[in-house]
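All values below come from the heavy atoms of this structure, side chains included, with hydrogens, waters and symmetry mates left out. Residue numbers run from 1 in the order of the sequence given. All of these numbers come straight from a predicted model, not from anything done at the bench.
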Amino acid sequence: MKIKIKSLHDEVLVDSVVSDKVYVTLDQLVNEEFNIPCNTAKIENQLEDTLTQLLLGSKRLRSGNYPSISCVDSIKKLVHKKILNSEPIPIVVPMGPHKTIVNEQIDLAEIYALKTLSSLNSRVTEYYPAGLKFYLREEDITGWFLTGTSASIRENIEQYLNNFNRLIKILGYEKFIIPFRESQLASFEDVLALVDIYSAPIRNYISDTQNLTDNNYQKASSYRILKALGWKGEIPVEQRAFYQERYTRHYPHKTRLEIDEMMVNYLAISFAKSQLGALVPKESKHDYIQLTFVPPVPGIPDDIASRRVHYRTLPSSISRLHLPFWRAKGFLTFEDQTVKPAINNWYSPREFHEHEITLGSGHDSVVVRADIMRQYINVN
């Protein structure tokens, strides 16, 4: 596939060598797969062991520690079942509905993530032709609830998701990467109705147990109310700290009270979607592995953690930094005469030589931002 590069401000790279290397890197990124070696030489048993190891990934691919024994066993059990029926292995991949900066659109980070999924499928199909089937859960209802329902925000979410889905097709991944939206499985009104019911008990539970040890959480009346509503597990101190740190990092202008309310809202809408069956498509029959680009959340219930693997947007051999692709800015760096893919958060004080690339297939095309860090290149 040919790519077209366009500068957004009519700037020209002075060094033609840099320009050529940028084009070669983008061409390889679009038209080739990530080369991520995975050592399966030690596996001498059945096919299910090999596939399980491939799905668990290497240190280069994983975000966080090696999965627990219960997670390994759960994945192996599902893999065995699918092998017996010669069916693709279903994997649900949750994703945000827009960039952290709401008005931004897809950039190289989205390509990185899709290449990570595609390369995993390629490694699996070497051993198991039925391969994988990724179901990308596009969290549009979550975006409406947490970000807003104004016309401009809804339009941005729609544009971001449409462009992302178009990118999947243009890259030729539509046979094994299938996006679906929360709004296809539940109505916004039904989710809001449950959020209204769940928010106060969650807020009260967090407040009531701030000064209690984990062993005493269940003594709080607010916990018993939540449990009666169907809540599983607890919200331990380390999980609260995880969400607070995460929201503070991505929304540095928010106050502590606003951050805590964001946590309550997120927990409430997650609970509501679970109760309404808006987390997985019917095709998966609730029999799936979840691959998430979000770092491991401490203290989540075992029945959730046991089917979840955590992946990096970019392998650590390419970038040591990890962010979920919708929260990241994907760009290129030029250092030591080498152009490399990179990601960072949106609040890092860096300047970019702004570019976009146009990718086309048949009568369809999509525009992807492909900026280059200014500090590494000479510009007019």
Practice task
Flag the pair Tyr135 / Tyr288 as yes when their ring centroid distance falls below 6.0 Å, and as no otherwise.
Solution key: no
Sidechain-backbone polar pair: Arg312 side chain, Ser319 backbone, donor-acceptor under 3.5 Å: yes
Would you mind checking if Lys77 and Glu48 are paired as a salt bridge, meaning a charged N to carboxylate O distance below 4.0 Å? no
Are a donor atom and an acceptor atom from the side chains of Ser118 and Glu33 found within less than 3.5 Å of each other? yes
* Asked: Asp27 and Asn31: side-chain donor and acceptor closer than 3.5 Å?
  -> yes
Item to complete: May I ask you to check whether Thr358 and Lys6 show a side-chain donor-acceptor distance below 3.5 Å?
Response: no
Taking Gln46's backbone N and O only, do any of them form a donor-acceptor pair with Asp49's side chain (distance below 3.5 Å, no angle check)? yes
message: Any carboxylate oxygen within less than 4.0 angstrom of a Lys/Arg side-chain nitrogen, looking at Lys169 and Glu174?
response: no
Contacts satisfying salt bridge (charged side-chain N to carboxylate O under 4.0 Å, His left out) that involve residues 155-165 (not counting sequence neighbours) are Glu158-Arg181
Review point. Are Val195 and Ile206 grouped together when hydrophobic residues (ILVMFWY) are joined by side-chain heavy atoms under 4.5 angstrom apart?
Key: yes
Could you give the side-chain donor-acceptor pairs of residues 293-306 under 3.5 Å, partners two or more places apart or in another chain?
residue, atom, partner, partner atom, Å
Ser306, OG, Asp302, O, 3.1
Ser306, OG, Asp303, O, 3.4

Quiz item: Between Tyr160 (side chain) and Val102 (backbone), is there a donor-acceptor pair under 3.5 Å?
Solution: no
- [ ] Mark yes when over 12 heavy atoms from residues, nucleotides or ligands other than Ile69 sit less than 6.0 Å from its CD1; otherwise mark no.
- [x] no
Interatomic distance, CG@Leu117 vs CZ@Phe34, rounded to 0.5 Å, equals 10.5 Å
Here the gap from Thr313 atom OG1 to His322 atom NE2, rounded to the nearest 0.5 Å, amounts to 5.0 Å
_Single-linkage hydrophobic cluster Val72~Ile75, side-chain heavy atoms < 4.5 angstrom_ = yes
| request: Could you tell me whether a side-chain N or O of Glu32 sits under 3.5 Å from a main-chain N or O of Leu29, the two making a donor and an acceptor? | output: no
Contact check, side chains of Phe145 and Leu192, non-hydrogen atoms, under 4.5 Å: yes
(Q) Given 3.5 Å as the limit, does a donor-acceptor pair link the side chain of Thr209 with the main chain of Tyr205, or not? (A) yes
- Can you check whether Glu258's main-chain N or O pairs, donor with acceptor, with Thr255's side chain at less than 3.5 Å? yes
Contacts satisfying ring pair (Phe, Tyr, Trp, His ring centres under 6.0 Å) that involve residues 175-196 (not counting sequence neighbours) are Trp144-Phe188, Tyr173-Phe176
Nearest heavy-atom approach of Val79 to Leu55 is CG2-CD1, 3.7 Å
Joint hydrophobic cluster, Ile83 plus Leu56, side-chain heavy atoms closer than 4.5 Å: yes
Sorted by chain and number, sequence neighbours left out, side-chain contact (heavy atoms from CB on, under 4.5 Å) with Ser68 holds for Ser70, Cys71
_So does Ile289 get a backbone contact from the side chain of Arg308, meaning a donor-acceptor N/O pair under 3.5 Å?_
no
Residue set satisfying salt bridge (charged side-chain N to carboxylate O under 4.0 Å, His left out) with Glu245, at least two apart, ordered chain then number -> Arg249
Applying side-chain contact (heavy atoms from CB on, under 4.5 Å) to Thr248 and not counting sequence neighbours gives Ile259
Measuring only between side-chain heavy atoms, which start at C-beta, is Ser316 closer than 4.5 Å to Arg62? no
Besides Leu257, the hydrophobic cluster formed by Ile, Leu, Val, Met, Phe, Trp and Tyr side chains linked at under 4.5 Å, directly or via other members, contains none
Between Pro315 and Leu61 the two heavy atoms that sit nearest each other are CG-CD2, 4.4 Å
For residues 59-103, the ring pair (Phe, Tyr, Trp, His ring centres under 6.0 Å) pairs (sequence neighbours left out) are none
Considering only NZ, NE, NH1 and NH2 on the basic side and carboxylate oxygens on the acidic side, decide whether Arg137 and Glu139 come within less than 4.0 Å. yes
To the nearest 0.5 Å, atom CG of Asp140 lies from atom CE of Met95 at 10.0 Å
Here the gap from Trp326 atom CH2 to Ile106 atom CD1, rounded to the nearest 0.5 Å, amounts to 15.5 Å
| said: ring pair (Phe, Tyr, Trp, His ring centres under 6.0 Å), that's the test. Do Tyr243 and Tyr266 meet it? Break it down for me. | reply: CA-CA 9 Å; Tyr243 286 122; Tyr266 178 76; 5.5 Å; yes
If two hydrophobic side chains count as joined below 4.5 Å and joins carry through other members, does Met373 share a cluster with Val24?
no
Rounded to the nearest 0.5 Å, the OH atom of Tyr311 sits from the OG1 atom of Thr116 at a distance of 9.0 Å
Joining Ile, Leu, Val, Met, Phe, Trp and Tyr whenever any side-chain heavy atoms lie under 4.5 Å apart, the cluster holding Trp346 also takes in Ile101, Tyr347
Residues pairing under salt bridge (charged side-chain N to carboxylate O under 4.0 Å, His left out) where one sits in residues 97-111, two or more places apart or in two chains, turn out to be Lys99-Asp107, Lys99-Glu110
Residues 362-373 vs salt bridge (charged side-chain N to carboxylate O under 4.0 Å, His left out), sequence neighbours excluded, gives Arg166-Asp364, Lys329-Asp371, Glu354-Arg369, Arg369-Asp371
Report yes or no: does Tyr112 contribute a side-chain atom to a donor-acceptor pair with the main-chain N or O of Ala342 at less than 3.5 Å?
yes
task: Keeping the roles fixed (side chain from Thr25, backbone from Lys21), state whether a donor-acceptor pair exists under 3.5 Å.
output: yes
Residue pairs meeting salt bridge (charged side-chain N to carboxylate O under 4.0 Å, His left out), one or both in residues 184-200, sequence neighbours left out, come to none
Looking only at side chains, do Gln290 and Arg307 share a donor and an acceptor under 3.5 Å apart? no
Checklist line | Common cluster, Phe134/Leu167, ILVMFWY with side-chain heavy-atom separation under 4.5 Å | finding: yes
dist Asn165:CG -> Ile170:CD1 (nearest 0.5 Å) comes out at 11.0 Å
